[in-house]
Amino acid sequence: MMPQMVMPQQDHVQAAAVAAAAAAHQVPCNTLFVANLGASTQEEELRDLFSRYPGFTRLRHNGGSRVAFIEFQDASCAAAVIAAVNGSVLRSSDQGPLRVEFAKNPMGTPSKR
């Protein structure tokens, strides 16, 4: 009988986020796509939320846009943020809970159309 591997809590959460992404046919990357933002969501509110997580690098949000892109140092950091933030509600939200998932392409990489 093989011994069971015991993962630290953070590793378990990251693994769960990666597994959920795989189930949704998403490829893990270091950039997150954030949807369901309210029309009045400001970049500062997003920066306050996401910059508290390890590996935060930068974000892109055009005022009034209902989506944003958040970049982290690596896919592992991004996966931990998905697990922590997906389904949260911002103060400025008029769209319901946030939808946070891996972006199709890393920030700065042209999209493949």
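Between the side chain of Asn36 and the backbone N or O of Pro97 there is at least one donor-acceptor pair closer than 3.5 Å. Under a 3.5 Å cut-off, the side chain of Asp74 and the backbone N or O of Cys77 do form a donor-acceptor pair. Without hydrogens or angle criteria, Thr31 side chain to Met107 main chain gives a donor-acceptor distance under 3.5 Å.
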Side chain to side chain contact (heavy atoms under 4.5 Å, CB included) between Gln73 and Phe56: does it pass, once the steps are laid out? CA-CA 6 Å; Gln73 288 176 345; Phe56 172 82; over 6 Å; no
Starting from the C-alpha separation in whole Å, work towards a yes-or-no answer on side chain to side chain contact (heavy atoms under 4.5 Å, CB included) for Leu46 and Leu90. CA-CA 9 Å; Leu46 294 171; Leu90 294 176; 3.9 Å; yes
Thr41 vs Ser92, test: side-chain hydrogen bond (donor to acceptor under 3.5 Å, both in side chains). Steps then yes/no. CA-CA 5 Å; Thr41 300; Ser92 64; 2.8 Å; yes
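The side-chain heavy atoms of His61 and Leu37, taken from C-beta on, include a pair separated by under 4.5 Å. Taking 4.5 Å as the limit, every side-chain heavy atom of Glu71 sits out of range of all side-chain heavy atoms of Leu59. Side-chain contact between Asp94 and Arg66: present, with at least one pair of heavy atoms (C-beta onward) separated by less than 4.5 Å. Contact of the Val89 side chain with the Leu98 side chain is not registered, since no non-hydrogen atoms from C-beta on lie closer than 4.5 Å. Residues Thr57 and Asn30 fail the side-chain proximity criterion, which asks for heavy atoms closer than 4.5 Å. The shortest side-chain heavy-atom distance between Val85 and Phe50 falls under the 4.5 Å cut-off. Arg58 places none of its side-chain heavy atoms less than 4.5 Å from the side chain of Phe69. The shortest distance between side-chain heavy atoms of Val81 and Ile70 does not fall below 4.5 Å.
Between Phe102 and Phe33, the distance from one ring center to the other does not fall under 6.0 angstrom.
Ala84 and Ser88 get closest at one heavy-atom pair: O-OG, 4.0 Å.
Heavy-atom contacts from other residues, nucleotides or ligands closer than 6.0 Å to CD of Gln95 number more than 12.
The distance from atom CZ of Arg60 to atom OG of Ser65, rounded to the nearest 0.5 Å, is 10.5 Å. In this structure, SG in Cys29 is found 11.5 Å from CZ in Phe72, a value given to the nearest 0.5 Å. Residue Tyr53 holds its OH atom at 11.0 Å from CG of Leu32, rounded to the nearest 0.5 Å.
Between Arg99 and Glu101 there is a salt bridge, since at least one side-chain N of the basic residue sits less than 4.0 Å from a carboxylate O of the acidic one.
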